[in-house]
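Heads up, the thing below is written out as structure tokens.
Letters A, B, ... mirror the listed sequences (proteins, then strands); counts begin at 1.
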Amino acid sequence: MVGELEFEKPVVELKKKITELKEFTSDSNMDLTDEISKLETRLQKLENEIYSHLKPWDRVQIARHPERPTTLDYIERIFTNFFECHGDRYYGDDAAIVGGIAKYHGLPVTVIGHQRGKDTKENIRRNFGMPHPEGYRKALRLMKQAEKFGRPIICFIDTKGAYPGKAAEERGQSEAIAKNIFEMAGLTVPVICIVIGEGGSGGALALGVGNQIHMLENSTYSVISPEGAAALLWKDAGLAKKAAESMKITAPDLKELGVVDEIIPEVRGGAHKDVAEQAASIDTVLLQSLKELRKLNKDELVQQRYQKYKKIGQFTIAEEEFIGVQ
Amino acid sequence: MLKDFFVKKKKYASIPSEQARQDVPEGIMSKCPNCKKIMYTKELMKNDKICMNCDYHYQMTAYERIDSLLDEGSFIELDKEMVSENPLDFPDYLGKLKKDQDKTGINEAVVTGEGTIEGNRIVLAIMDSSFRMGSMGSVVGEKITRAVEKAMELKVPFLIFTASGGARMQEGVLSLMQMAKTSSALKLFSDQGGLIVSVMTHPTTGGVSASFASLGDFNFAEPGALIGFAGRRIIEQTIREELPEDFQTAEFLLKHGQLDAVIHRQDLKDTLANIVDIHMNGGAVNW
């Protein structure tokens with residue numbers, strides 16, 4: 001098995017043992033069927049135990065799995081007639097964000113998403129899915145085009161975050177992200193965002209202001225990477241695991257915090273184990289979501305989106321004007 | 001030996017006291033963090049907290065800013081009583097907030113309200129970096145959003161002064177979502193023809209620079225202010241090269257087309273009053 005993760009080691013080892021026994025049975029006269037079936041029962045139990053009790057750090061590992069399906073993997077399986085558009089019309093074409101027009105069950109839509117690479121060469125070309133300002137501006141151009149033609153917009157979120165580079169700052173990284181958030185808030189077409197891997201900070205949010213936000217079960221969405229949080233809070237990036245737990249970054253956490261609408265169940269062990277099946281379960285949620293949103297008119301879409309974000313956050317009103325020591 | 005005559009007396013390094021390390025100490029004298037010149041605190045305060053020697057702009061508290069800009073007695077504060085909770089159950093978060101409340105005399109990192117500037121009514125939000133580095137959590141996001149809604153209701157311009165280290169880590173993704181909340185409010189306000197003016201003061205970074213700080217119809221900054229999304233150290237580590245000295249300063253942003261102007265603090269009131277005035281009287285409506 002390729003790319004197994006730390007926490008699945010017991011499963012992998014048991015599987016290996018079963019295979020070995022099976023081989024042994026077929027090669028010799030000894031009948032080990034009983035043993036094998038016992039082990040298989042144990043395997044099932046073990047798999048259930050491990051995969052249904054994933055810890056936040058385990059999910060981070062799954063979300064970062066090198067073979068985890070990317071935006072283009074899902075576009076290929078969920079949409080038809082996809083045509084990719086390039087360039088922001090100001091500066092360049094950022095390969096860390098892909099986008100274009102397509103049909104979804106016959107309905108014209110615009111699809112945009114962060115795009116990671118699957119190998120080193122592609123990752124370098126796509127800057128590991130970390131966009132520059134021209135990426136956000138391309139995305140915004142495509143969103144405005146979608147609005148003009150009344151096409152719903154589907155955004156796949158999958159980035160560690162905005163690229164912390166000199167050129168990115170010079171070309172107005174802050175402004176580009178801010179402008180996307182601002183303009184997405186006013187779009188008069190349905191916008192559905194799906195976090196499929198890592199949802200990292202402003203780079204994620206720049207494609208993330210939707211009428212509905214869904215998350216794959218093992219994806220994460222956070223204001224900062226666990227490593228970054230650990231470095232900032234405790235001056236030790238090695239405490240990333242602890243940060244992953246205290247920052248509440250998993251899909252169930254975000255659902256509880258009222259940020260996410262639906263958790264899309266994943267194939268056992270992670271989306272990379274069966275891309276086709278994963279695409280099918282995304283399709284089910286997306287279809288339902290789009291059907292609901294298509295009932296809203298332009299004003300209602302903008303209002304619904306505003307109210308959704310207006311509700312996010314926790315605060316309280318103190319009884320006194322000032323609660324500190326004067 | 002002759003050499004002994006030239007032995008220097010041993011010098012001891014002086015460690016500045018906690019008070020001396022503050023931006024403007026309570027004491028009679030202040031030392032400029034930039035040029036190290038020592039001057040009378042009283043004179044410095046009279047000079048809008050600008051160093052008389054090198055023009056360094058000290059950070060201002062929210063109330064100092066209000067005093068320096070608005071017509072006297074015109075300020076009415078909004079949502080003063082709003083305080084944070086601990087949504088992620090982050091260890092010692094509430095304790096840290098309490099400490100800063102005691103230190104700064106404000107409940108949270110932004111003060112919002114309405115007032116007049118040269119007679120024209122406005123709504124404004126002023127971030128205060130002395131409170132948890134001006135970081136943005138749920139309260140900052142909500143107060144700014146409500147202030148924008150107030151401006152929408154009153155149909156008056158919205159001014160924002162930013163000073164922030166970015167999102168507040170202890171509120172995790174809820175902090176991130178405040179970028180969306182505030183920006184969405186600004187979008188609705190903008191679509192109704194509302195005027196947005198942003199003044200970025202030192203420092204304006206991270207999630208704040210990547211949301212409302214950059215969304216003004218006019219984006220200004222104070223001289224020398226640090227403004228940027230990613231931290232300098234992180235960028236240097238990522239690209240493995242040293243960055244220019246002026247990187248991410250107000251002047252750097254102006255050069256790269258990100259700002260309308262860098263405005264000296266002593267010209268700020270007149271500039272803002274003028275911009276508000278241009279959008280209030282005459283203009284396209286009554287001309």
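Ranked by heavy-atom pairs shorter than 4.5 Å toward chain A, the options B:Glu77, B:Lys99, B:Lys80 are led by B:Lys80. Of the listed residues (A:Glu175, A:Met184, A:Gln303, A:Lys311), the one with the most heavy-atom contacts under 4.5 Å to chain B is A:Glu175. Contact count versus chain A (heavy atoms, under 4.5 Å) is highest, among B:Lys187, B:Lys255, B:Gln101, for B:Lys187. Chosen from B:Asp191, B:Asn107, B:Leu253, the residue pairing most often with chain A at heavy-atom distances under 4.5 Å is B:Asn107. Counting heavy-atom pairs under 4.5 Å between each of A:Gln173, A:Arg171, A:Glu321 and chain B puts A:Glu321 at the top. Contact count versus chain A (heavy atoms, under 4.5 Å) is highest, among B:Met179, B:Met169, B:Glu108, B:Lys103, for B:Met169. Ranked by heavy-atom pairs under 4.5 Å with chain A, the list B:Val83, B:Ile239, B:Asp79, B:Leu174 is led by B:Val83. Looking only at heavy-atom pairs under 4.5 Å with chain B, the residue among A:Gly313, A:Ala185, A:Ala231, A:Pro164 that has the most is A:Pro164. Put simply, of B:Ala167, B:Ser183, B:Pro244, the one with the most heavy-atom pairs under 4.5 Å next to chain A is B:Ser183. Ranked by heavy-atom pairs shorter than 4.5 Å toward chain B, the options A:Ala318, A:Gly258, A:Gly161, A:Ala204 are led by A:Ala318.
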task: For the pair B:Leu176 and A:Tyr221, evaluate side chain to side chain contact (heavy atoms under 4.5 Å, CB included) and give the outcome as yes or no after the intermediate values.
output: CA-CA 10 Å; B:Leu176 185 71; A:Tyr221 200 170; 3.7 Å; yes

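Across all non-hydrogen atoms, the minimal contact from A:Leu233 to B:Phe90 is CD1-CZ, 3.4 Å. The two atoms that bring A:Ile181 and B:Ala180 nearest to each other are CG2-CA, 3.6 Å, heavy atoms only. Nearest heavy-atom pair across A:Glu170 and B:Phe252 is CG-CZ, 3.4 Å. A pairwise comparison of heavy atoms in B:Ser184 and A:Tyr306 identifies CB-CD1, 3.6 Å as the closest pair.
Of residues 125-140 of chain B, those residues with a non-hydrogen atom less than 4.5 Å from any non-hydrogen atom of chain A are, in numerical order, B:Ser138, B:Val139. Contacts between residues 242-257 of chain A and chain B, defined by a heavy-atom separation under 4.5 Å, are made by A:Ser246, A:Met247, A:Lys248, A:Leu254, A:Leu257. Contacts between residues 195-215 of chain B and chain A, counted as heavy-atom pairs separated by less than 4.5 Å, involve B:Ser209, B:Ala210, B:Ser211, B:Ser214, B:Leu215. Residues of residues 225-236 of chain B placed with any heavy atom under 4.5 Å of a heavy atom in chain A are listed by number as B:Gly228, B:Phe229, B:Ala230, B:Ile234, B:Ile235.
Within the model, atoms CZ of A:Phe182 and CG of B:Leu188 stand 9.0 Å from one another, a figure rounded to the nearest 0.5 Å. Interatomic distance, A:Lys308 NZ to B:Met177 CE, rounded to the nearest 0.5 Å: 8.0 Å.
Residue contact with chain B, scored on non-hydrogen atoms closer than 4.5 Å, involves the side chain of A:Leu232 exclusively. Contacts of A:Glu320 with chain B are made by backbone atoms alone, with heavy-atom separations under 4.5 Å and no side-chain atom involved. Using a 4.5 Å cut-off between heavy atoms, A:Leu205 touches chain B through its side chain atoms alone. Heavy atoms of B:Leu243 lying under 4.5 Å from chain A belong exclusively to its side chain. Of the atoms belonging to B:Pro91, not a single heavy atom falls under 4.5 Å from chain A. When heavy atoms are compared at a cutoff of 4.5 Å, B:Ile106 approaches chain A solely by way of its backbone atoms N, CA, C and O. Looking at A:Ser201, the atoms closer than 4.5 Å to chain B (heavy atoms on both sides) sit in the backbone and in the side chain alike. Of the atoms belonging to A:Ile312, heavy atoms from both backbone and side chain fall under 4.5 Å from chain B. Only the side chain of B:Lys98 comes within contact range of chain A, with at least one heavy atom under 4.5 Å from a heavy atom of that chain. Contacts of A:Arg305 with chain B are absent, with no heavy-atom separation under 4.5 Å from either backbone or side chain. Of the two parts of B:Gln170, only the side chain, counted from C-beta on, holds a non-hydrogen atom closer than 4.5 Å to a non-hydrogen atom of chain A.
In B:Glu245, the CD atom is not crowded: 12 or fewer heavy atoms of neighbouring residues, nucleotides or ligands sit closer than 6.0 Å. Around NZ of A:Lys144, the count of heavy atoms belonging to other residues, nucleotides or ligands within 6.0 Å exceeds 12. In B:Glu242, the CD atom is not crowded: 12 or fewer heavy atoms of neighbouring residues, nucleotides or ligands sit closer than 6.0 Å. Within 6.0 Å of atom CD in B:Glu241, more than 12 heavy atoms from other residues, nucleotides or ligands are found, so the atom counts as buried in its surroundings. Counting non-hydrogen atoms of other residues, nucleotides and ligands closer than 6.0 Å to NZ of A:Lys241 gives a total of 12 or fewer.
Judged by distance alone, with hydrogens and angles left aside, the side-chain atoms of B:Gln258 form no donor-acceptor pair with the main-chain N or O of A:Ser174 at under 3.5 Å.
Side-chain contact of A:Glu169 with B:Gln248: a donor-acceptor pair under 3.5 Å is present, judged by distance alone.
Counting heavy atoms from C-beta on, the side chains of B:Thr238 and A:Tyr163 come closer than 4.5 Å.
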